[in-house]
Amino acid sequence: MNITKYKEKDSIGGYQLLEELGAGATAQVYRVREPDGGKEYALKCSTHTYKLTAEGAVLKQLRHSCFPRWIAEGREAAGAYLVMEYVPGITLRRLMEQYPAGMPEGMAAGIVLDVAAGIAYLHSSQPPYIYRDLKAANVIITPEGRAKLVDLGAAICAEASQEKFCRAGTYGYSAPEQFWEGAKITPACDVYGLGKLLAYLLTGQDPGKPPYDTMEYCSRHCGIRRTLQQLLGRCLQPDPQLRYPDATFLLPELSALKAGEAQSIDKIRSKKGNRIPCRYIKCIWKSEYERIF
């Protein structure tokens, strides 16, 4: 099922392919229509049958507005496919093109609060799950302005034996221990990813691009208050035991920021526009990952 070129009349599992939504190293995602010409869904197909089946098993258990609903799944001769709710909108990475110097504080907190609520649901479920691959490309901003998480291909059960799971994550976003052989993966990994996401929204500096030392360039960004610096510092600790244990601990602080209990930076942004003076370190002798490794 290695479909590399969209053809209007192609179909998978009886679902008509309408357009390609995205493609990765192991899977493609399409917007599709039901065989009878009814509702539209998102369909993910892959030759890596085991990984897609595992993702479907996780998605099937979720009942939270942050995640698309499981619809169906199946297999064909070339691989497997997973049908889920189609989430219209644009990726957060695409939205950030409009905010090269970072979003207003309240807006950033609202987006990360939506994502953190979904992650907290995963961490609080029985059994708990860890998302492992938080990044702007996996966040969809709907036309209503809500943030939703897609692509649970890296999610794992926190209580299961993790020896059989391969290392997963995105360099720059994911916690350092996610790349260590033998290190235990805990909900604190997702806390680190939420910190990286929040730093990205506040500064406009993509964590997936150099310089990778997020706390260093955040400390030199004139638009981040001390209280937010402290929040980011707790999330981005290299030692997972020094971070918040899971995403539920972030919800009250993000809710307060979204509610506008501290609007000073937003007022400055409203006067000066989006182009707030920023200072970034252009050359760092060692990134946070290199120092840890």
Q | T248 to A120 - nearest heavy-atom pair and separation | A | CG2-CB, 3.7 Å
Q: Could you pull out all residues at least two apart from Q178 that satisfy side chain to side chain contact (heavy atoms under 4.5 Å, CB included)?
A: R132, S174, A175, I185, C189
Q | Listed partners of P35 passing side chain to side chain contact (heavy atoms under 4.5 Å, CB included), at least two apart | A | Y15
**Q.** Under 3.5 Å: donor-acceptor pair, side chain of K148, backbone of I141
**A.** no
Q. Taking only residues two or more places apart in sequence, or in another chain, which ones meet R33 in a salt bridge (Lys or Arg N to Asp or Glu O under 4.0 Å)?
A. E40
Q | Minimum side-chain heavy-atom gap L194-C235 below 4.5 Å | A | no
Q: Kindly indicate whether the side chain of Q61, heavy atoms from C-beta on, has any atom under 4.5 Å from the side chain of L59.
A: no
Q: Only counting residues at least two apart or in another chain, list the ones meeting salt bridge (Lys or Arg N to Asp or Glu O under 4.0 Å) with R94.
A: E97
**Q.** Straight-line distance of L82 CG to L52 CG, nearest 0.5 Å
**A.** 5.0 Å
**Q.** Contacts of I140 that satisfy side chain to side chain contact (heavy atoms under 4.5 Å, CB included) - sequence neighbours left out
**A.** V87, T91, V150
Q) Counting distance only, does the side-chain N/O of N138 pair as donor-acceptor with the main-chain N or O of D133 below 3.5 Å? A) yes
Q) Among the clusters formed by ILVMFWY side chains lying less than 4.5 Å apart, do L251 and L122 turn up in the same one? A) yes
Q. Going by side-chain heavy atoms closer than 4.5 Å, which hydrophobic residues are tied to L21, directly or by a chain of links?
A. V29, Y86
Q) When rounded to the nearest 0.5 angstrom, what is the spacing between OG in S65 and CZ in R146? A) 6.5 Å
Q: Taking the side chain as every heavy atom from C-beta outward, state whether L62 and R69 have any pair of such atoms under 4.5 Å apart.
A: no
Q: Sorted by first residue and then second, give each ring-ring contact (aromatic ring centres under 6.0 Å, His included) pair with at least one member in residues 103-145; sequence neighbours left out.
A: H64-Y121
Q: Sequence neighbours left out, what passes salt bridge (Lys or Arg N to Asp or Glu O under 4.0 Å) with K60? Give chain and number order.
A: E73
Q | Any side-chain heavy-atom pair of S255 and L113 under 4.5 Å | A | yes
Q) Roughly how far apart are L202 CG and I224 CD1, rounded to 0.5 Å? A) 5.0 Å
Q) Tell me, do L197 and V115 make a side-chain contact under 4.5 Å, heavy atoms counted? A) yes
Q. What do the steps show when you test L17 against I12 for side-chain contact (heavy atoms from CB on, under 4.5 Å), and what is the final call?
A. CA-CA 7 Å; L17 303 184; I12 298 176; 4.2 Å; yes
**Q.** I111 side, atom CD1; K258 side, atom NZ - distance, nearest 0.5 Å
**A.** 10.0 Å
Q: Heavy atoms only: give me the nearest A147-C66 pair and the separation to one decimal.
A: O-SG, 4.1 Å
Q. With H48, which residues qualify under side chain to side chain contact (heavy atoms under 4.5 Å, CB included), at least two apart?
A. T26, S46, K51
Q.
Apply side-chain contact (heavy atoms from CB on, under 4.5 Å) to residues V32 and Q16 and explain how you reach the verdict.
A. CA-CA 5 Å; V32 300; Q16 180 188 2; 6.0 Å; no
Q) Passes side-chain contact (heavy atoms from CB on, under 4.5 Å), Y173 versus Y192? Steps please. A) CA-CA 8 Å; Y173 276 97; Y192 189 95; over 6 Å; no
Q.
On a heavy-atom basis, which atom in S11 and which in G14 lie closest, and how many Å separate them?
A. CB-C, 4.4 Å
Q: Pick out which of L92, L134, L254 makes a side-chain contact (heavy atoms from CB on, under 4.5 Å) with V112.
A: L254
**Q.** Contact summary for C45 and Y30, nearest pair of heavy atoms
**A.** SG-CE1, 4.1 Å
Q.
To the closest 0.5 Å, what do you measure between CD (E105) and CE (M107)?
A. 13.5 Å
Q: Go through the structure and list residues passing salt bridge (Lys or Arg N to Asp or Glu O under 4.0 Å) with D246, not counting sequence neighbours.
A: none
Q) Side chains of V83 and Y81: does their closest heavy-atom pair fall under 4.5 Å? A) yes
Q) Is there any side-chain hydrogen bond (donor to acceptor under 3.5 Å, both in side chains) pair reaching into residues 226-242, and which pairs are they, with sequence neighbours excluded? A) R225-T227
**Q.** Heavy-atom side-chain proximity of M103 to Q98 below 4.5 angstrom
**A.** no
Q) Are side-chain heavy atoms of P187 and Y244 found at a separation under 4.5 Å? A) no
(Q) Just verifying a value: how many Å separate D114 CG and L149 CG, rounded to the nearest 0.5 Å? (A) 9.5 Å
**Q.** A116 to A247 - nearest heavy-atom pair and separation
**A.** O-CB, 3.9 Å
Q: Given side-chain contact (heavy atoms from CB on, under 4.5 Å), test V58 with W70 step by step and report yes or no.
A: CA-CA 9 Å; V58 174; W70 178 93; over 6 Å; no
(Q) Check K44 with E55, please: is the shortest side-chain N to carboxylate O separation under 4.0 Å? (A) yes
Q) Can we say E177 and R243 salt-bridge, meaning some charged N sits less than 4.0 Å from an Asp/Glu carboxylate O? A) yes
Q.
Going by the rule side chain to side chain donor-acceptor pair (under 3.5 Å), which residues pair with Y41 if we only count those two or more places apart in sequence or in a different chain?
A. E34
Q) In this structure, are over 12 heavy atoms from other groups packed under 6.0 Å from R31 atom CZ? A) yes
